Q: 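Dropping a structure here in C-alpha cells format, bear with me for questions.
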Amino acid sequence: QVQLVESGGGLVQAGGSLRLSCAASGRTFSNYYVGWFRQAPGKERDFVAAINWSLSSTVYADSMKGRFTISRDTAKNTVYLRMNNLKPEDTAVYCCAARYGYSRYILGPEEYDFWGQGTQVTVSS
C-alpha cells in the first residue's frame with residue numbers, strides 16, 4: 001500500500017512562489033507514475049503535471065508549462081511541484097496521486113491508484 005502526504009501549501013501574494021511536496025510511505029515511488037492535480041471549489045479536478053519516477057521524464061498540462069516544474073528526490077522518496085509567478089486563478093487544493101507503471105501521456109484521475117489528502121494553495125491579488 002502506498003500512502004501519500006502533501007505539504008507546502010499556504011497563502012501567497014500574486015507573483016510569488018511555492019514548492020509543494022508529496023512524500024510516500026509504505027513503498028518507494030520506484031516504477032510509479034506520480035501526478036499532481038488541483039481542484040477549486042465548484043470546478044473540475046484538473047491535471048497539473050506528472051513524473052515517471054525511474055526515468056525522471058515529465059508530462060505537463062499545456063497551461064502549466066513554463067511556470068510549474070515537477071521533480072523528484074530519490075533519497076527522500078518525495079515528488080515536488082515548484083510553482084512560480086503564482087496567479088489568483090491558481091488557488092485550489094492540490095493533490096498528488098500515484099499509479100504503478102510508465103506513461104508518456106497525461107492520465108485522468110480515474111487511472112490513479114493512490115491519492116493524498118491535498119494541500120491548500122491560496123493566491124491573493
Side-chain angles (χ1 to χ4, degrees):
Q1 184 179 15
V2 176
Q3 300 177 71
L4 308 176
V5 179
E6 303 98 332
S7 62
L11 177 65
V12 64
Q13 289 188 332
S17 299
L18 287 173
R19 188 181 72 166
L20 307 183
S21 299
C22 175
S25 62
R27 300 177 186 267
T28 70
F29 277 131
S30 183
N31 301 122
Y32 278 80
Y33 178 92
V34 184
W36 284 96
F37 289 80
R38 69 184 188 183
Q39 187 170 28
K43 297 184 179 180
E44 295 182 349
R45 181 180 297 167
D46 293 326
F47 175 83
V48 177
I51 186 167
N52 290 286
W53 183 266
S54 296
L55 297 176
S56 194
S57 55
T58 57
V59 183
Y60 292 93
D62 287 341
S63 61
M64 311 301 170
K65 293 178 180 178
R67 292 196 301 123
F68 291 9
T69 303
I70 190 169
S71 62
R72 56 125 165 91
D73 186 329
T74 57
K76 296 181 178 180
N77 201 35
T78 298
V79 171
Y80 301 104
L81 182 70
R82 180 69 183 183
M83 306 184 294
N84 295 323
N85 191 26
L86 284 163
K87 304 174 181 179
E89 52 263 42
D90 295 319
T91 296
V93 174
Y94 285 71
C95 296
C96 66
R99 179 186 187 274
Y100 188 80
Y102 167 85
S103 179
R104 65 168 65 92
Y105 308 110
I106 294 173
L107 300 178
E110 71 280 357
E111 300 195 57
Y112 292 81
D113 300 310
F114 308 101
W115 290 83
Q117 295 295 310
T119 184
Q120 175 72 227
V121 172
T122 302
V123 184
S124 62
S125 59

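This one's a predicted model, so the numbers in the text were calculated from it and none came from an experiment.
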Q: Do the rings of F114 and Y32 sit parallel, tilted or perpendicular, given the 30° and 60° boundaries?
A: tilted
Q: Determine the minimum heavy-atom distance between A92 and A40, stating which atoms define it.
A: CB-N, 3.9 Å
Q: Quick check against the 3.5 Å criterion: does S54 have a side-chain atom that pairs as donor or acceptor with the backbone of N31?
A: yes
Q: If you round to the nearest 0.5 Å, how far is OG1 of T69 from CE of M83?
A: 11.0 Å
Q: How far apart are the closest heavy atoms of L81 and A49, and which atoms are they?
A: CD1-CB, 4.4 Å
Q: Output the distance between atom CD (E111) and atom CD1 (I106), rounded to the nearest 0.5 Å.
A: 11.5 Å
Q: I need the minimum non-hydrogen distance between G116 and C95, along with the two atoms involved.
A: O-SG, 4.3 Å
Q: Would you compute the distance between atom CD of E6 and atom OG of S21 and round it to the nearest 0.5 angstrom?
A: 10.0 Å
Q: Step by step, work out the side chain to side chain donor-acceptor pair (under 3.5 Å) result for Y112 and R99.
A: CA-CA 5 Å; Y112 292 81; R99 179 186 187 274; over 6 Å; no
Q: Once you round to the nearest 0.5 Å, how far does OH of Y33 lie from CG of L107?
A: 4.0 Å
Q: Between W36 and M64, is any pair of side-chain heavy atoms under 4.5 Å apart?
A: no
Q: Hey, is the main chain of V59 close enough, under 3.5 Å, to the side chain of N52 for a donor-acceptor pair?
A: no
Q: Identify the heavy atoms of L4 and A24 that sit nearest to each other, and give their distance.
A: CD2-CB, 4.0 Å
Q: Is Q13 atom CD crowded by more than 12 heavy atoms from other residues, nucleotides or ligands, each under 6.0 Å away?
A: no
Q: Does CZ belonging to R67 count more than 12 external heavy atoms closer than 6.0 Å?
A: yes
Q: Report yes if the side chains of T91 and Q120 come closer than 4.5 Å at any heavy-atom pair, otherwise no.
A: yes
Q: Say you draw a straight line from CD1 of I51 to OG of S56; how long is it, rounded to the nearest 0.5 Å?
A: 4.0 Å
Q: Is the shortest side-chain heavy-atom distance between N84 and S17 below 4.5 Å?
A: yes
Q: Test V12 against every option in L86, D90, T122 by the side chain to side chain contact (heavy atoms under 4.5 Å, CB included) rule and name the one that passes.
A: L86
Q: Could you tell me whether the side chain of T78 and the main chain of K76 form a donor-acceptor pair under 3.5 Å?
A: yes
Q: Keeping to residues at least two apart or across chains, list the ring-ring contact (aromatic ring centres under 6.0 Å, His included) pairs with something in residues 41-85.
A: F29-W53, F37-F47
